Protein chains: 2
Amino acid sequence: MQHNLTRDELRQRLLEGGLKATHQRIVVFEAVMDLHGHHPTPEEVYQHLRPANPTLSLGTVYKTLDTFVETGLIKRALSEEGGKRYDANTHVHNHIYCSKTREIVDFEDAELEQLLADFFSKRNLENFEIKGFSVQLTGNKVEPDKQIRITRVSK
Amino acid sequence: MQHNLTRDELRQRLLEGGLKATHQRIVVFEAVMDLHGHHPTPEEVYQHLRPANPTLSLGTVYKTLDTFVETGLIKRALSEEGGKRYDANTHVHNHIYCSKTREIVDFEDAELEQLLADFFSKRNLENFEIKGFSVQLTGNKVEPDKQIRITRVSK
DNA sequence: ATACTAGATAAGAATGTTTCTTACTTAGGA
DNA sequence: TCCTAAGTAAGAAACATTCTTATCTAGTAT
């Protein structure tokens with residue numbers, strides 16, 4: 001359990017979104033935060049919670065995750081391989097996607113955001129109300145057991 | 001039929017990829033090209049082809065599309081909503097994704113590619129072999145019946 | 001504290017999607 | 001023309017997602 005919001009804080013955030021703060025919603029929310037960085041599928045969330053919540057049903061997990069996305073509490077991650085992935089990180093950020101392991105790694109980069117914001121201010125979108133943009137790097141991990149990292153070139 | 005490759009050219013491209021040029025592969029390839037811009041699902045490809053190819057099976061469509069992706073003849077498009085989408089456009093390009101209609105619109109922008117290439121040359125990726133990057137705009141169509149377009153701001 | 005009510009949940013059925021299996025067929029090479 | 005590796009059809013199987021309905025519960029009013 002590495003999430004850092006108390007249940008009362010979670011309860012608060014659910015209510016702010018106009019959602020009843022039920023036990024199921026609280027634990028599903030916690031699970032997505034606990035699995036942060038994994039961009040879990042509904043099934044993974046379900047398996048994570050099952051031991052401690054044997055009465056929870058998979059259908060509820062699906063529904064709850066989608067409800068959270070609608071409310072903006074979490075986001076859906078883009079994936080190439082089909083299937084739904086969820087992301088506790090609601091900040092503007094980008095993804096590195098490994099085709100081999102299907103891992104999705106977040107990266108935030110203010111410089112990149114600024115670059116893109118500047119760029120799109122020079123473009124006109126007709127008939128489209130833009131909610132956000134993100135950059136997706138696609139490729140393959142070299143060492144499957146080691147982490148992927150992105151760093152600034154030091155010169 | 002707005003695709004512009006002859007069957008012999010297609011046959012050629014399949015063979016270059018080390019694939020036997022069977023009738024099924026040729027028509028599936030044509031279908032993805034015909035549906036270019038729609039980023040079709042396997043089911044859509046199947047429905048498109050069924051009238052003229054009543055013996056074609058859905059399983060073959062799935063398998064064939066994946067084979068093409070492996071060979072690099074087509075790409076998979078990223079989607080938020082789960083489910084597989086395929087893209088005949090193998091050029092480097094970006095996508096505009098409408099959450100409302102689930103439409104995916106391609107856009108190519110050399111200036112943007114250059115900007116990103118320059119940017120990533122200033123970043124180091126540890127343990128990741130990058131195959132490509134793309135920008136995804138997410139948002140909603142305003143008029144569902146009209147086209148989405150992106151243009152340069154004229155000053 | 002208790003009762004009420006809208007909304008949430010469990011459970012599993014229904015539906016939809018993707019993969020797998022097997023026997024049959026075909027493209028391309030000898 | 002024959003041979004063989006590879007591809008295909010067909011449907012079963014596995015898997016993923018959504019829907020339905022009866023039951024339950026959080027938050028509210030009493």
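Proteins get letters first, then strands, A, B, ... in listed order; numbering begins at 1 in each. Just so you know, these numbers come straight off a predicted model, no measurement behind them.
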Colleague: Check nucleotides 18-23 of chain D for protein N or O atoms closer than 3.5 Å to its own N or O atoms and list the pairs.
Modeller:
residue : atom : partner : partner atom : Å
dT18(D) : OP1  : K84(A)  : NZ           : 3.2

Colleague: So, is T22(A) close to the dA26(D) phosphate, meaning a side-chain N or O under 4.0 Å from OP1 or OP2?
Modeller: no

Colleague: Can you identify which nucleotide, out of dA10(C), dG28(C), dA8(C), has its nearest atom closest to the T55(A) side chain?
Modeller: dA10(C)

Colleague: Rounded to whole Å, please give me the gap between NE2 in H23(B) and C1' in dA9(D).
Modeller: 14 Å

Colleague: Base, sugar-phosphate alone, or nothing: which one does L14(A) contact when heavy atoms must sit under 4.0 Å apart?
Modeller: nothing

Colleague: Look at the side chain of A21(B) and decide which nucleotide, out of dG28(C), dT8(D), dA10(C), has an atom nearest to it.
Modeller: dG28(C)

Colleague: For a quick check under 3.5 Å, do T60(A) and S57(A) share a side-chain donor-acceptor pair by atom type?
Modeller: yes

Colleague: So which one's nearest nucleotide on DNA chain D is more toward 5', R11(A) or T67(B)?
Modeller: T67(B)

Colleague: Round to a whole Å and report the spacing from CD1 of I26(B) to P of dT8(D).
Modeller: 10 Å

Colleague: Determine yes or no for a side-chain-to-main-chain donor-acceptor pair under 3.5 angstrom, with K100(A) supplying the side chain and K141(A) the backbone.
Modeller: yes

Colleague: Over how many whole Å does the gap from Q12(B) atom CD to dG28(C) atom P extend?
Modeller: 11 Å

Colleague: OP1 or OP2 of dT8(D) less than 4.0 angstrom from a side-chain nitrogen or oxygen of R25(B), does that happen here?
Modeller: yes

Colleague: Select one nucleotide: of dA10(D), dT8(D), dT9(C), the one nearest the side-chain heavy atoms of S57(B).
Modeller: dA10(D)

Colleague: Less than 4.0 Å between a side-chain N and a carboxylate O, is that true for R7(A) and E30(A)?
Modeller: yes

Colleague: Using whole Å, what does the distance between atom C1' of nucleotide dA11(C) and atom CG of N53(A) come to?
Modeller: 16 Å

Colleague: Nearest whole angstrom, please: distance from the P of dA8(C) to the CZ of F68(A).
Modeller: 11 Å

Colleague: Have N94(A) and E113(A) got a donor and an acceptor in their side chains that come within less than 3.5 Å?
Modeller: yes

Colleague: Nearest to the side chain of L15(B) - dA8(C), dA9(D), dG28(C)?
Modeller: dG28(C)

Colleague: Side chains of D87(A) and H93(A) only: does a donor on one sit below 3.5 Å from an acceptor on the other?
Modeller: yes

Colleague: Do the charged groups of R152(A) and E111(A) touch, with an N to O distance under 4.0 Å?
Modeller: yes

Colleague: Where each residue is assigned the nucleotide of DNA chain C containing its nearest heavy atom, which of K20(B) and E43(B) is assigned the position nearer the 5′ end?
Modeller: E43(B)

Colleague: Between atom CZ in R76(B) and atom C1' in dT18(C), what is the gap in whole Å?
Modeller: 12 Å

Colleague: What does G82(A) touch in the nucleic acid at a heavy-atom separation under 4.0 angstrom: a base, only the sugar-phosphate, or nothing?
Modeller: nothing

Colleague: Does dA16(D) have OP1 or OP2 under 4.0 Å away from a side-chain N or O of T41(A)?
Modeller: no

Colleague: How many whole angstroms separate atom CD of E70(A) from atom P of dA8(C)?
Modeller: 11 Å

Colleague: Just by distance, with hydrogens left out, do H39(A) and D106(A) show a side-chain donor and acceptor under 3.5 Å apart?
Modeller: yes

Colleague: Do any side-chain nitrogens or oxygens of Q24(B) fall under 4.0 Å of OP1 or OP2 in dT25(C)?
Modeller: no

Colleague: Taking atom types as modelled, find out whether Y86(B) and E44(B) have a side-chain donor-acceptor pair closer than 3.5 angstrom.
Modeller: no

Colleague: Between dA8(C) atom C1' and K63(A) atom NZ, what is the distance in whole Å?
Modeller: 7 Å

